[in-house]
Engineer: 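One structure, as structure tokens, below. Some questions next.
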Amino acid sequence: MKREKIIEVLKSNETGKTVLVKGWVRTKRGSKNINFIALNDGSTIHNLQIVVEVENFNDKLLRNITTGAALSVSGELTQSQGSGQNVELRAQEIELLGGADPDKYPIQPKRHTLEFLRENAHLRFRTNTFGAVFRIRHAMAFAIHKYFNEKGFYYMHTPIITASDAEGAGQMFRVSTLDPVNPPTTEEGEIDYTRDFFGKPANLTVSGQLEGELGAMALGEIYTFGPTFRAENSNTTRHLAEFWMIEPEMAFYDLTDNMDLAEDFLKSLIRYALDNCMDDLQFLANRLREEEKNKPQDQRSMELIEKLESVAGSDFVRCTYTEAIEILKRSKPYKKKKFQFPVDWGVDLQSEHERFLVEKHFKRPVILINYPKEIKAFYMKQNDDNKTVGAMDVLFPQIGEIIGGSQREEDYNKLVTRMKEMDIPVEEMWWYLDTRRFGSAPHSGFGLGFERFILFVTGMGNIRDVIPFPRTPKNAEF
RNA sequence: UCCCUAGUAGCUCAGUUGGUUAGAGCGGCGGACUGUUAAUCCGUAGGUCGUAGGUUCAAGUCCUACCUGGGGAGCCA
């Protein structure tokens with residue numbers, strides 16, 4: 001007999017037919033004559049109720065059916081007599097595939113804290129919450145490829161090991177095969193990287209953008225979707241040392257085209273989640289509601305599904321950096337000196353400012369554009385005012401910056417001048433600059449932090465709970 | 001990296017101004033129960049109080065350092 005997935009069995013109303021399912025026991029309960037097993041196989045958040053007539057099975061088997069055990073069960077699908085489900089499986093044969101010692105198995109049929117489950121990340125997939133999160137994570141990854149494929153973008157694999165630290169986007173992880181205790185040294189006593197694997201210092205990538213631009217300047221529209229590494233000592237609910245990033249890069253797009261794409265992209269993904277992950281979203285929404293019960297009214301966040309609907313349906317605010325500074329200066333918290341950090345044209349916005357704009361002032365996602373060039377990267381398009389660059393940051397409630405992007409500077413001379421001003425090694429970047437020497441054209445792109453986006457969609461509060469095995473300072477377990 | 005906070009049973013927590021033998025709920029185990037929904041009821045086992053020092057007649061409780069978790073900030077996606 002062919003095994004059926006529980007999601008299909010639950011959908012089916014063919015009572016009377018014999019089915020075979022396999023999965024893991026969530027709970028077992030019952031009385032002397034009858035037992036009920038909640039079986040889950042990961043195909044859906046819902047469990048299949050297995051009805052066991054105790055007299056038909058031997059004691060030892062039933063004793064070993066404990067929370068966490070893997071079972072193969074065949075039986076007749078019947079209308080449920082209980083009220084929690086429509087159909088249930090009357091067990092005819094049960095095979096214990098693998099037991100789970102109840103004294104040692106850490107996942108109990110009770111509520112666990114996320115912190116505890118994080119320490120048991122290898123088993124947390126077996127909980128409702130993490131099952132839902134990782135099914136949604138998959139759906140979003142799939143929807144990203146689907147979206148770009150339908151728009152004619154090409155998926156480009158940019159390198160994970162790079163030998164240029166030109167972007168200066170924070171600390172990098174060194175990749176080396178040199179003996180860490182006795183590395184070869186030069187006559188000056190410095191480490192001799194010419195004898196390292198790549199013949200020069202190499203690192204894990206902090207962004208695929210620069211290589212992505214090379215692809216876009218031939219293929220037209222590309223995107224990357226891969227792991228990214230930052231060796232920053234950041235201990236927050238929004239940072240990982242290893243995370244996934246989506247970076248589309250488009251030839252012939254100006255900043256407005258770039259914003260249009262970013263907004264449509266985010267809304268489409270959220271729409272996809274609402275259309276395809278409702279069971280899991282519903283569960284997470286309920287969970288969130290329970291959690292927020294104890295919080296005072298004004299600290300509660302918007303109901304999850306309502307929030308997703310609202311973002312998918314509303315137009316994002318578009319606002320220049322200069323306008324944002326003016327709004328902040330006119331704001332109540334500014335006048336009452338509630339902001340911890342100064343607000344002045346030229347300084348970078350702090351999260352308290354971004355949060356005010358998104359959550360209090362506009363109450364919608366905001367795209368901020370045209371930042372002062374001093375606080376943005378060298379490759380951004382220099383505007384005619386000579387003061388700002390064509391940058392865009394998409395700010396989401398609770399999450400903050402979810403997308404950072406820009407139109408890229410396509411003028412060779414302007415770009416080289418800016419690189420020199422910012423001490424970017426021009427010679428090493430010859431390959432990047434070649435796109436501006438040969439057939440240069442306006443182009444744009446942005447980066448979306450995948451886990452930050454998953455935080456938003458699932459309503460989870462900590463980025464470590466939306467990636468299977470989080471890497472953070474002092475933690476690379478599993 | 002900085003600030004705040006926590007670490008007591010498998011889990012979630014209580015433990016009074018320092019004072020006998022460290023408690024509860026859940027989970028586990030044993031039993032009861034004719035269909036349960038985090039089942040219910042009765043019983044039972046389970047602890048180097050994060051680690052190392054120190055103060056004291058006496059430390060889970062006070063002090064110091066370190067480790068780990070959580071929250072916030074910076075940096076950023």
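To find a chain, count down the sequence lines: A is the first, B the second, and so on, and within it residues start at 1. The figures here come from the full heavy-atom set of this structure, side chains too, leaving out hydrogens, waters and symmetry mates.
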Engineer: Without swapping roles, check the side chain of A:Asn40 against the backbone of A:Asn47 for a donor-acceptor pair under 3.5 Å.
Structural biologist: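 No, A:Asn40 side chain to A:Asn47 backbone: no donor-acceptor pair under 3.5 Å.
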Engineer: What about A:Glu115: does its side chain form a donor-acceptor pair under 3.5 Å with the base of B:G70?
Structural biologist: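 Check fails, no donor-acceptor contact within cut-off.
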Engineer: Which nucleotide sits closest to the side chain of A:Pro102: B:C11, B:G70, B:C29?
Structural biologist: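 For A:Pro102, the side-chain atoms sit closest to B:C29.
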Engineer: Quickly work out the A:Asn235 CG to B:G69 C1' distance and round it to whole Å.
Structural biologist: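 Computing the A:Asn235:CG to B:G69:C1' distance gives 11 Å.
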Engineer: Select one nucleotide: of B:C29, B:A77, B:C26, the one nearest the side-chain heavy atoms of A:Thr66.
Structural biologist: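 Nearest to the side-chain atoms of A:Thr66, counting from C-beta on, is B:C29.
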Engineer: Between A:Asp264 and A:Lys151, is the closest basic N to carboxylate O distance under 4.0 Å?
Structural biologist: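 Between A:Asp264 and A:Lys151 there is a salt bridge, with a charged N closer than 4.0 Å to a carboxylate O.
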Engineer: Using nucleotides 30-34 of chain B, report all nitrogen or oxygen pairs with the protein that are shorter than 3.5 Å.
Structural biologist:
from: B:C33; atom 1: OP2; to: A:Lys32; atom 2: NZ; distance (Å): 3.1
from: B:C33; atom 1: N4; to: A:Lys32; atom 2: N; distance (Å): 3.4
from: B:U34; atom 1: O4'; to: A:Asn33; atom 2: ND2; distance (Å): 3.3

Engineer: Output the pairing pattern of RNA chain B as a dot-bracket string, 5' first, Watson-Crick or G-U wobble with both distances under 3.5 Å, | for cross-strand pairs, [ ] for crossing pairs.
Structural biologist: (((((((..((((.....[...)))).(((((.......))))).....(((((..]....))))))))))))....
Engineer: Does A:Phe125 have any ring pair (Phe, Tyr, Trp, His ring centres under 6.0 Å) partners at least two apart in sequence or in another chain, and if so, which?
Structural biologist: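 Residues passing ring pair (Phe, Tyr, Trp, His ring centres under 6.0 Å) with A:Phe125: A:Phe134, A:Phe469.
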Engineer: Examine the base of B:C11 for any acceptor or donor lying under 3.5 Å from a partner atom in the side chain of A:His112, and report the outcome as yes or no.
Structural biologist: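 Donor-acceptor pair under 3.5 Å: no.
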Engineer: Grab the two heavy atoms, one from A:Phe130 and one from A:Asp465, that are nearest each other, plus how far apart they are.
Structural biologist: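 Nearest pair, atom of A:Phe130 first, then A:Asp465: CE2-O, 3.4 Å.
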Engineer: Using the rule for Phe, Tyr, His and the six-membered ring of Trp, do A:Phe36 and B:G35 stack at under 5.5 Å and under 30°?
Structural biologist: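 Stack criterion not met.
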